[in-house]
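Beneath this line is the structure, given in structure tokens, with notes to follow.
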2 protein chains.
Amino acid sequence: MEPDKKQQLVETALTLFYRYGVHAVGINQILEQSAVAKKTLYHHFVSKDELLLATLELRHQRFYHWLQQELNRNEGTDPVDKLFDALGAWFEGKAEPLGPFFGCYFQNCAAEYHGPDSAVLRLCAQHKLKVKQLVNTHLQSYQRPEQTQSLLLDGLMLLKEGAINMALLHTDATVAQHAKQQARLLLQALS
Amino acid sequence: MEPDKKQQLVETALTLFYRYGVHAVGINQILEQSAVAKKTLYHHFVSKDELLLATLELRHQRFYHWLQQELNRNEGTDPVDKLFDALGAWFEGKAEPLGPFFGCYFQNCAAEYHGPDSAVLRLCAQHKLKVKQLVNTHLQSYQRPEQTQSLLLDGLMLLKEGAINMALLHTDATVAQHAKQQARLLLQALS
DNA sequence: CATAAAGTAGACCACTCTGTCTACTTGCAG
DNA sequence: CTGCAAGTAGACAGAGTGGTCTACTTTATG
């Protein structure tokens, strides 16, 4: 049995979807680039939509573990610094497991599939929630009352989302530094 | 001469593109819904891409003037309040000239057309810049030193972008209130 | 050794896509 | 009245779409 044809399909699909958008990429293009037969694809996935869902899952794993690592490095340093420095590296394409930066894959997919009860949208929301929880655990070091921490967390998430989207639109990686500066101000207000 | 077939094309195209995404909507669908002949479309626009650019321009005008009005109302009140209350109304679909909320049209288009030198991306960046400048003029009332105001403006833009995207992903209009709260904290830190 | 699962290539289906083109109609301006 | 610009309907082209299917090969395992 060929090794993980399935995984390779998801891999190429993710790369192409992320770079060009989902509707802009055809099944045949994915098949060509992964050197996989059409029948094999439809053996593993019932439709293009399901393949899309698989790419979202893969991207979530990648992103989550990457961020986890970034936040776990340098025990001592401020988690806020680590968060926005990580984002900065991502914007510059220096976050290896994430590849070149084309905005948030989940936001991009949500832009194409924002129907009323879209499975895509649900997965995207789930991803954002899990990332939020991950960041939250790293804020414990601040030793703030729960309510304050929750307020801080909300602010960080807003700044993070804002930064990602501004980085894409203006192709400007320095917004991560600006966002960090804003986060510092927020910390100051909450101290 | 039929009245503004051209404008009607842009109108329907904007509605459909915004709701379903650009690649997901075909020329024929636009033609049907606007009751316009194909030849007429290609008389006014050389391609679907140019039609897309026209929709971006139209949306920019609409959005800019809507925000301008929102910020000019109630002379006395805090511009920050006005900004995020306006966003909240938009998220709830209560901003009439903008129609139902499906995220930021420019972000959505950027998600589909983020190629290296995309005209779409350029227009989107321009739009965001003009909106930023508009907000900036309304911050004069705070009477802060220039540098402080610039910092405040950056923060507001990040919060705004973040709020828009979170509102789409979580279909939750209350994020506007959360963003407003964060903006208040920012103001506090800068006072 | 046989069976079943997973793979191959690629023809094929019914559609849709953007864009072109012919042939004809309408309304205004010189 | 004429001529032109803008409009109509819709056939057509050529490529591409997602998805199904037949017929064959490989590979691991009971």
Selected nucleotide, minimal atom distance to [X] side chain, candidates [options]:
{"X": "A:Tyr42", "options": "C:dA9, C:dG7, D:dG18", "result": "D:dG18"}
{"X": "A:Thr40", "options": "C:dG10, C:dG7, D:dG19", "result": "C:dG7"}
{"X": "A:Lys38", "options": "D:dG18, C:dT18, D:dG7", "result": "D:dG18"}
{"X": "A:Lys39", "options": "C:dG7, C:dG10, D:dG10", "result": "C:dG10"}

Tell me which of A:Asn28 and A:Val46 sits closer to the 5' end of DNA chain D, going by the nucleotide each one is nearest to.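 Nearer the 5' end of the strand: A:Asn28.
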Would you mind telling me which residue lines up with the more 5' stretch of DNA chain D, A:Ile27 or B:His44, judged by nearest nucleotide?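 The residue closer to the strand's 5' end, by nearest nucleotide, is B:His44.
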Heavy-atom closest contact ([X] atom, [Y] atom, distance):
{"X": "B:Glu57", "Y": "B:Gln61", "result": "OE2-NE2, 2.8 Å"}
{"X": "B:Leu9", "Y": "B:Leu41", "result": "CD1-CA, 3.8 Å"}
{"X": "B:Thr40", "Y": "B:Val36", "result": "CB-CG1, 3.7 Å"}

Under 4.0 angstrom, heavy atoms only, what part of the nucleic acid is B:Ala35 near: base, sugar-phosphate, or nothing?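 Sugar-phosphate, no base atom in range.
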Could you check how far [atom1] of [X] sits from [atom2] of [N], rounded to whole Å?
{"X": "B:His43", "N": "C:dT20", "atom1": "NE2", "atom2": "C1'", "result": "15 Å"}
{"X": "A:Leu41", "N": "D:dC21", "atom1": "CG", "atom2": "P", "result": "16 Å"}
{"X": "A:Lys48", "N": "D:dT17", "atom1": "NZ", "atom2": "P", "result": "8 Å"}
{"X": "A:Phe45", "N": "D:dT20", "atom1": "CZ", "atom2": "C1'", "result": "18 Å"}
{"X": "B:Gln8", "N": "D:dA6", "atom1": "CD", "atom2": "P", "result": "17 Å"}
{"X": "A:Gln29", "N": "D:dG16", "atom1": "CD", "atom2": "P", "result": "10 Å"}
{"X": "B:Leu9", "N": "D:dG7", "atom1": "CG", "atom2": "C1'", "result": "12 Å"}
{"X": "B:Glu32", "N": "D:dG10", "atom1": "CD", "atom2": "C1'", "result": "13 Å"}

So, B:Asp78 and B:Lys180, do they make that salt bridge, N to O below 4.0 Å?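 No, no charged N to carboxylate O under 4.0 Å.
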Are A:His23 and A:Tyr113, when compared by the centres of their aromatic rings, separated by less than 6.0 Å?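 That pair passes the under 6.0 Å test.
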For a quick test of reading the model: is some side-chain N or O of A:His23 closer than 4.0 Å to OP1 or OP2 of D:dT17?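 For D:dT17, neither OP1 nor OP2 has a side-chain N or O of A:His23 closer than 4.0 Å.
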